[in-house]
Number of protein chains: 2
Amino acid sequence: MTDHEGVTVLTRGQLARATGCNIETIRYYEKIAMLPEPPRTASGYRIYDDRHAIRLRFILRARELGFSIHDIRGLLELVEGGRQTCAEVKGRTERHLAGIRAKLADLEKMRQVLETAAAKCSGDNVPECPIIETLTSA
Amino acid sequence: MTDHEGVTVLTRGQLARATGCNIETIRYYEKIAMLPEPPRTASGYRIYDDRHAIRLRFILRARELGFSIHDIRGLLELVEGGRQTCAEVKGRTERHLAGIRAKLADLEKMRQVLETAAAKCSGDNVPECPIIETLTSA
DNA sequence: TCTTGAGCCTGTAGGTACTACAGGCCTTAC
DNA sequence: GTAAGGCCTGTAGTACCTACAGGCTCAAGA
């Protein structure tokens, strides 16, 4: 595909490569209306532009940061409705952060338990293992 | 249900309440053999005991920490296997530790990005939000 | 111009980890 | 004895993708 009036125009595969997104995932996002249905060529090929790429990157980044599709829909509505306030966005982010911090604390605990247990373990071929002791009595 | 020989005996609903697990999830875990099929009363009601509760709590905790069902099956073999050598157990533990460290790193990254973004955000009722900036510009 | 192969189209099915509902039997309390 | 609630089973739906299959289109080379 080529450019028109300085606007970069992409096929689905090109959008996928440009964003690092699986092509099937793009299709899925369209199906669930996370991405708008793009216009088509006469033969039915989809035509994407920069705005699609920007929106998709936003979605991918938010997914990477652990936001659910539902969360992201909310964020996108705020952003694109133009009526978002910083306070609303911050509130949502803080709630999400709280969940992440809780998971971090739990994982940290688990790491310590396993590391302590592994350190006590000689690795010799004996059937008594301190790791098992630790896990069963945790 | 009542107790027999000092062993606490639970129905499925009671097990659910005791562990904070959705009753349907217990059913699902039995279906996929994460939990053993418990014995039944004459009329067909399932009878659980403390060991079921312990195993279920372990599973729930591990799921919360982001382990897959597959991972947990491995962990449970560690805990309940008994017939493995210390070397085998240590190997498995080290692999799980690697998984935990990777998850910690991922979450830590998420936390930092989101905290940095949230810190920049005044929270005022203005439409320009640094968090959105963060999300739009990877 | 014809052909070939990559890329696009659609529908459908699978995977993981649950979650919800419907219709019926069992138990407990009044 | 009966009503409410809990348990039983099967089935279907959710979230978030991922992977085909079978067919059409487009660009490039012979």
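Per chain, numbering begins at 1; letters A, B, ... match sequence-line order. Only a predicted model underlies this, so the values are computations on that prediction, with no experimental measurement involved.
Distances shown here put a side-chain N or O of B/Thr11 below 4.0 Å from the OP1 or OP2 atom of D/dC7. Using a 4.0 Å cut-off, no side-chain N or O of B/Arg12 falls inside it from OP1 or OP2 of D/dG6. The phosphate of D/dT9 (OP1 or OP2) has a side-chain N or O of B/Arg46 nearer than 4.0 angstrom. Checking the phosphate oxygens (OP1, OP2) of C/dC18, a side-chain nitrogen or oxygen of B/Arg63 falls inside 4.0 Å. Side-chain N/O atoms of A/Arg73 include none lying less than 4.0 angstrom from OP1 or OP2 on D/dA15. At the phosphate of C/dA20, OP1 or OP2 sits under 4.0 Å from a side-chain N or O atom of B/Asn22. Under 4.0 angstrom from either OP1 or OP2 of D/dC26 there lies at least one side-chain N or O belonging to A/Ser43. Neither OP1 nor OP2 of C/dC26 sits under 4.0 Å from any side-chain N or O of B/Thr41.
Between A/Ala42 and B/Arg40, the residue whose closest nucleotide on DNA chain D is further toward the 5' end is B/Arg40.
Closest to the side chain of B/Tyr28, out of D/dC16, C/dT19, D/dC8, is C/dT19. For B/Tyr29, the side-chain atoms get nearest to C/dC18 when compared with the rest of D/dC17, C/dC18, D/dC20.
When heavy atoms are screened at a 4.0 angstrom cut-off, B/Arg17 is found touching no nucleic acid atom at all.
Across every non-hydrogen atom of A/Ile26 and A/Cys21, the tightest pair is CG1-SG, 3.8 Å.
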